[in-house]
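Residues take their numbers from the sequence shown, with the count starting at 1.
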Amino acid sequence: MEWVQTTGRTVDEAVDAALDELGVHAEDVEIEVLEEPKAGFLGRFGGSEARVRVRLKPISREKPQERRRGRNKGGSKSGSRRNEGGGRPKGRGGSRRGPEKPAPAAERNRGEEAPAVEHDEVPVEEQAEAAEEFVAGLVAAIGLEGEIESSIDDDTIELRVEGSELGLLVGPKGATLSAIEELTRAVVQREAGGHAARVRVDVAGYRAKRRVALEEFTKKVVAEVLESGEERAMEPMGSIDRKTVHDAVNDVDGVETTSEGEDPRRYVVISPT
């Protein structure tokens with residue numbers, strides 16, 4: 001994955017701009033600070049902005065080995081899973097190894113270095129299975145019926161919950177869905193030991209529908225900004241929605257976008273150029 005370079009008045013602002021451009025969260029990327037911001041004369045003249053470069057974390061493409069972090073060998077993965085409110089899906093067997101303990105201090109003091117502990121990277125296919133099982137269990141625990149399907153696009157795990165009457169999983173303006181996505185991402189990170197794939201969760205096509213609606217609304221706001229010559233601030237939204245707004249404005253002459261504020265109240269401002 002190529003690096004994306006962005007600038008901002010502060011390092012955090014430059015990083016936020018990169019996250020908006022990539023449409024991901026901070027834990028999904030590697031960040032390098034290329035240049036710290038410098039104040040100019042009287043705080044205004046001759047200063048320079050912070051400059052960073054950001055890229056998506058590389059994901060292991062190794063195939064699962066016979067020995068899988070305490071997993072049973074006979075486990076199999078299905079592309080979709082049907083869950084009903086009558087019970088939880090069956091969990092995976094086996095026991096999970098804890099991290100190896102370092103050698104006692106007395107042994108290290110005898111001149112013997114403790115061996116470095118190596119953690120095998122968990123293949124993205126195995127991470128997808130863990131994410132699928134978590135979402136399936138969550139849907140069943142709430143008492144809803146839904147079919148969970150997963151797919152892997154490059155190094156991103158896409159989970160889709162299909163069914164009827166799933167509005168409870170979406171919530172007002174997708175707030176519940178965003179929370180479910182964050183929880184699923186945390187489960188995958190724990191499974192992967194820090195080398196996790198990116199996770200996207202959608203329910204009944206909500207995100208696709210919202211993207212289309214947000215693009216149409218953004219076009220109307222752009223038209224108002226071009227006509228009035230005054231900037232407009234959008235409502236606070238997540239990084240994925242902010243990227244949708246940035247992309248919708250990107251190819252329009254005469255306007256530009258910036259992200260302002262802090263999560264979870266971060267928003268996009270559309271301004272005339």
- [ ] Assess whether salt bridge (charged side-chain N to carboxylate O under 4.0 Å, His left out) is satisfied between K57 and E30, documenting all intermediate values.
- [x] CA-CA 6 Å; K57 289 181 178 178; E30 295 178 350; over 6 Å; no
Non-hydrogen atoms of [X] and [Y] that approach each other most closely:
X    : Y    : answer
A50  : V11  : CB-N, 3.6 Å
Q127 : A197 : OE1-N, 2.7 Å
P264 : P236 : O-CB, 4.1 Å
A130 : V187 : O-CG1, 4.4 Å
R266 : A17  : NH2-N, 4.5 Å
G229 : P272 : O-CG, 3.3 Å

TODO: Mind checking side chain to side chain contact (heavy atoms under 4.5 Å, CB included) for D202 and listing every partner two or more places apart, or none if nothing turns up?
DONE: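 For D202 the side chain to side chain contact (heavy atoms under 4.5 Å, CB included) partners, ignoring immediate neighbours, are L177, Y206, R207.
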Would you say [Y] ends up clustered with [X] if hydrophobic residues are merged whenever their side chains have heavy atoms under 4.5 Å apart, either directly or through other cluster members?
X    : Y    : result
V54  : L34  : no
L183 : V139 : yes
F134 : L169 : yes
V188 : I180 : yes
V124 : L159 : yes

TODO: Give the intermediate values and the outcome of side-chain contact (heavy atoms from CB on, under 4.5 Å) for residues I148 and E132.
DONE: CA-CA 7 Å; I148 293 83; E132 187 176 328; 3.6 Å; yes
Open item on the list: Checking side chain to side chain donor-acceptor pair (under 3.5 Å) between T7 and each of E35, R51, E49, which is the one that passes?
Closed with: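 For T7, the side chain to side chain donor-acceptor pair (under 3.5 Å) test succeeds with only one of E35, R51, E49, which is E49.
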The criterion is side-chain hydrogen bond (donor to acceptor under 3.5 Å, both in side chains); which residues satisfy it with [X], sequence neighbours excluded?
X    : result
D12  : none
E215 : none
T257 : H246
E27  : none

What distance do [X] atom [atom1] and [Y] atom [atom2] have between them, rounded to the nearest 0.5 Å?
X    : Y    : atom1 : atom2 : answer
T184 : Q189 : OG1   : CD    : 11.0 Å
D16  : S259 : CG    : OG    : 7.5 Å
S150 : E129 : OG    : CD    : 9.0 Å
R200 : I157 : CZ    : CD1   : 11.0 Å
L166 : T176 : CG    : OG1   : 12.5 Å

TODO: Answer yes or no: is there a donor N or O on one side and an acceptor on the other, between the side chain of T244 and the main chain of I240, under 3.5 Å?
DONE: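 Between the backbone of I240 and the side chain of T244 there is a qualifying donor-acceptor contact (under 3.5 Å).
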- [ ] Spell out, as yes or no, whether a donor-acceptor pair under 3.5 Å connects the side chain of D28 to the backbone of H25.
- [x] yes
- [ ] Using a strict cut-off of less than 4.0 Å between a Lys/Arg side-chain nitrogen and an Asp/Glu carboxylate oxygen, indicate whether R53 and E32 qualify as a salt bridge.
- [x]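 Between E32 and R53 there is a salt bridge, with a charged N closer than 4.0 Å to a carboxylate O.
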Residues that [X] engages under salt bridge (Lys or Arg N to Asp or Glu O under 4.0 Å), provided they are two or more places apart:
X    : answer
K209 : none
E182 : R185
R210 : E235, D241
E158 : none

TODO: Verify side-chain contact (heavy atoms from CB on, under 4.5 Å) between E147 and V161, making sure each step is shown before the conclusion.
DONE: CA-CA 6 Å; E147 184 173 317; V161 184; over 6 Å; no
Task: Pairs satisfying side-chain hydrogen bond (donor to acceptor under 3.5 Å, both in side chains), at least one member in residues 217-228, at least two apart - done: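 Counting only pairs at least two positions apart or across chains, the side-chain hydrogen bond (donor to acceptor under 3.5 Å, both in side chains) contacts touching residues 217-228 are E224-R232.
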Task: Sequence neighbours excluded - salt bridge (charged side-chain N to carboxylate O under 4.0 Å, His left out) pairs with any residue from residues 254-265 - done: R242-D263
TODO: Taking the side chain as every heavy atom from C-beta outward, state whether R55 and V29 have any atom pair closer than 4.5 Å.
DONE: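 Not touching, per the 4.5 Å side-chain cut-off.
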Task: Validation row: Q5, V52 side chains within 4.5 angstrom (heavy atoms) - done: no
Task: side-chain contact (heavy atoms from CB on, under 4.5 Å) between L19 and V15, worked out - done: CA-CA 6 Å; L19 296 178; V15 171; 4.2 Å; yes
Open item on the list: Can you list, by chain and residue number, the hydrophobic cluster partners of L214 when the side-chain cut-off is 4.5 Å?
Closed with: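 ILVMFWY cluster around L214 also holds F217, V221, V222, V225, L226, M234, M237, V245, V249, V252, V255, V268, I270.
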TODO: Apply side-chain contact (heavy atoms from CB on, under 4.5 Å) to the pair S151 and R160, showing each step before the final yes or no.
DONE: CA-CA 9 Å; S151 62; R160 297 172 298 280; 3.1 Å; yes
